[in-house]
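The analysis underlying the following values was restricted to heavy atoms, covering all of them including side chains, and did not include hydrogens, waters or symmetry mates. In listed order, ligands and their atoms are each counted from 1. For reference, positions follow the sequence shown, starting with 1.
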Amino acid sequence: MTMVSVAVLVRGLMQARLGRLRSLPCNLRAQMGGLQFSCLKLQFSQSRSIAESVAKKPFYVTTPIFYPSAAPHIGHLYTLVLADTLKRWKELAGDEAILCTGTDEHGIKIQQAAALAKTSPKEFCDTISKTFQDLAERANISYNRFIRTTDPDHKEAVQYFWQMLEERGYIYESKHEGWYCVSDETFYPESAIEKRLDPFTGRTFMASQETGKEVEWTSEKNHHFRLSALKDRLLKHYIHNPDFIVPATRMNDVIESVTDGLNDLSISRPVDRLSWGIRVPGDETQTIYVWLDALVNYITKAGYPWAPGCEQAMGWPADVQIIGKDIVRFHCIFWPAFLMALDIQPPNQILTHGHWTMNHRKMSKSIGNVVNPFFAMDRFGVDVMRFYLVLDGGIGNDSDYGNHLIVTQYKKNLQNGLGNLVSRVMRGKGWSVRGSVYRMSNENVQGKGAMGDELDVLLTALPDTTADYMVKLNPGAALDALMQAVFKTNKYLQDAQPWSHKDDVEYVSRAIYRCAESLRIIGILLQPFMPEKAAQLLDILGVEESRRMLRDAARGTDGDFGEPKTPISRDAWKSLFPALPVED
Ligand SMILES: *[C@@H]1O[C@H](CO)[C@@H](O)[C@H](O)[C@H]1NC(C)=O
Ligand SMILES: *[C@@H]1O[C@H](CO)[C@@H](O)[C@H](O)[C@H]1NC(C)=O
């Protein structure tokens, strides 16, 4: 079959299935997304085993799409950096990886904020969405797509998703009556409201007991999703995939909550209350619930709706979806339920992380302790912030943020730890690093002796130790393991004292070779965390750019480094881990 006829066939298939929604074959869409993978190959070369085509699925990691009703804060940066670190780690291992992020732009809060700013919701979103994209750029996040829920392909994907749910009988219409509070966007039960008196006007009104905001009796039509029907399938999924939600404590909370029971979910709002959103297909009076709209973004980015057999070409199912702990219910219950309703595979894992606090208090606009991530990066540098957030950031628990904490970690790990080690080894008088590397790798003794056995064991294991933590979705522990290796190497250098054995060339070479190997391996493994600083470090060590992959992080695999390829300027030395300008 020629490529043209295959393409025609696929297009025919797609059109039959997708109607007017999508007409591009998925290989073309994959190419448009910057990916080389061709789904046609997957579909039509039957000789390939399934396993082979599964292995070809790119690693796919997502962040939530951020709600642009206010400016980015440090928590957004944290999620982005976690995602980027996982993606870059995969690439270090030579695998193809995709990272998607973006902004979630529909909903009543945006509609109201735009009205307040006397602008259209779209224009309002354009501005703030841009600041989130700037954040990703500034933090060197290697994202493949920055999606906006106002993008036309997303709108189509959501409407198609809705139609499929409807076709399968998961959507029904029902009338909802009750006390509705516009400003709280909530229906309150009779027991939660009370009569109040406005002291200024003397008017009485019904209000929420909790918030004091006015409620009105409202009767409206909603579309509902049969969430309750998926309870057993969800529970089965959790039991069969015990690592579905990381960490395990949150997995347990979710299981408990689903076991307690699930109510059906209202998934539309009347247009007269919420107009800023995607219309329900075939019902112009209703707008699709923002969470349904938002969650679908993760498959829009993976090319949904797919032609048969094309799910994996752009990464679905996602390998890891990273979220903050406040949106667990939406991602760990609603999202897999929506997908299961259409027999689409749920994501492999959901990594839920803790929040950042300041002096152990929640960061909030009203307290005025929200950290601006742009200012933080301007002050400490991009890679230093990436380093700090991953190292100190909480997965299971919240973590406390503070400038003094950044400075402390920086000094301990980077300045006095790694920076000091590089400087002692590479600028030390009395030995040649290149000479030591050459001698030891050629003698094929790989530096046994000179008291370093313990360090050898640690360095041999380091790539696996680090990889294990990454697989367990704990980049902070991986980074900590790298820093422990730095401290061990510094300690080794201190104990071995090559400077006191200047007459024993063999001894000095072994000691220096061992330290240089340690720096080379740590430098390679640090790249996903601090891309720029790690590259600078490897340049200083004279490691070829083509030899900086995970497989190169094994002891004794590179006998050619040790001499910077181009002379390292004083400024480059100084800029690796300079003293921080201001400390408080
Ligand atoms: C979270 O904090 C609790 C109490 O301080 C502690 O017992 C637990 O080990 C912490 N969990 C993690 C994952 O750090
Ligand atoms: C971003 O990362 C790349 C490696 O992917 C690195 O070469 C570059 O220097 C980094 N840029 C910044 C501004 O840190």
Query raised in the report: To the nearest 0.1 Å, how far is atom 9 (O) of ligand 2 from its closest protein heavy atom, and which atom is that?
Result: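 Result for atom 9 (O) of ligand 2: Glu532 CG, 3.4 Å.
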
Report task. Can you pull out the closest protein heavy atom to atom 4 (C) of ligand 2? Residue, atom name and distance to 0.1 Å, please. Result ->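 For atom 4 (C) of ligand 2, the nearest protein heavy atom comes out as Arg88 NH1, 3.4 Å.
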
Query raised in the report: More than 12 foreign heavy atoms under 6.0 Å from CZ of Phe124: is that the case here?
Result: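 Enclosed: over 12 neighbouring heavy atoms sit under 6.0 Å from CZ of Phe124.
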
Requested in this report: Could you tell me whether atom 7 (O) of ligand 2 has at least one protein heavy atom nearer than 4.0 Å?
Outcome: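 Under the 4.0 Å cut-off, atom 7 (O) of ligand 2 has no protein heavy-atom neighbours at all.
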
Query - Contact atoms of ligand 2, heavy-atom distance to Asn140 under 4.0 Å - result: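 So the answer, numbered in order with elements, is 1 (C), 2 (O), 3 (C), 8 (C), 10 (C), 11 (N), 12 (C), 14 (O).
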
Query - Pairs where residues 125-135 contributes a residue and the test salt bridge (charged side-chain N to carboxylate O under 4.0 Å, His left out) is met, not counting sequence neighbours - result: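 Matches after skipping sequence neighbours: Lys122-Asp126, Asp126-Arg148, Lys130-Asp134.
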
Query raised in the report: Restricting to pairs with a member in residues 313-325, which pass salt bridge (charged side-chain N to carboxylate O under 4.0 Å, His left out), not counting sequence neighbours?
Result: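 Those involving residues 313-325 are Lys57-Asp319, Lys325-Asp398.
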
Query - Gln484 side, atom CD; Thr489 side, atom OG1 - distance, nearest 0.5 Å - result: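 Output value for this atom pair is 11.0 Å.
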
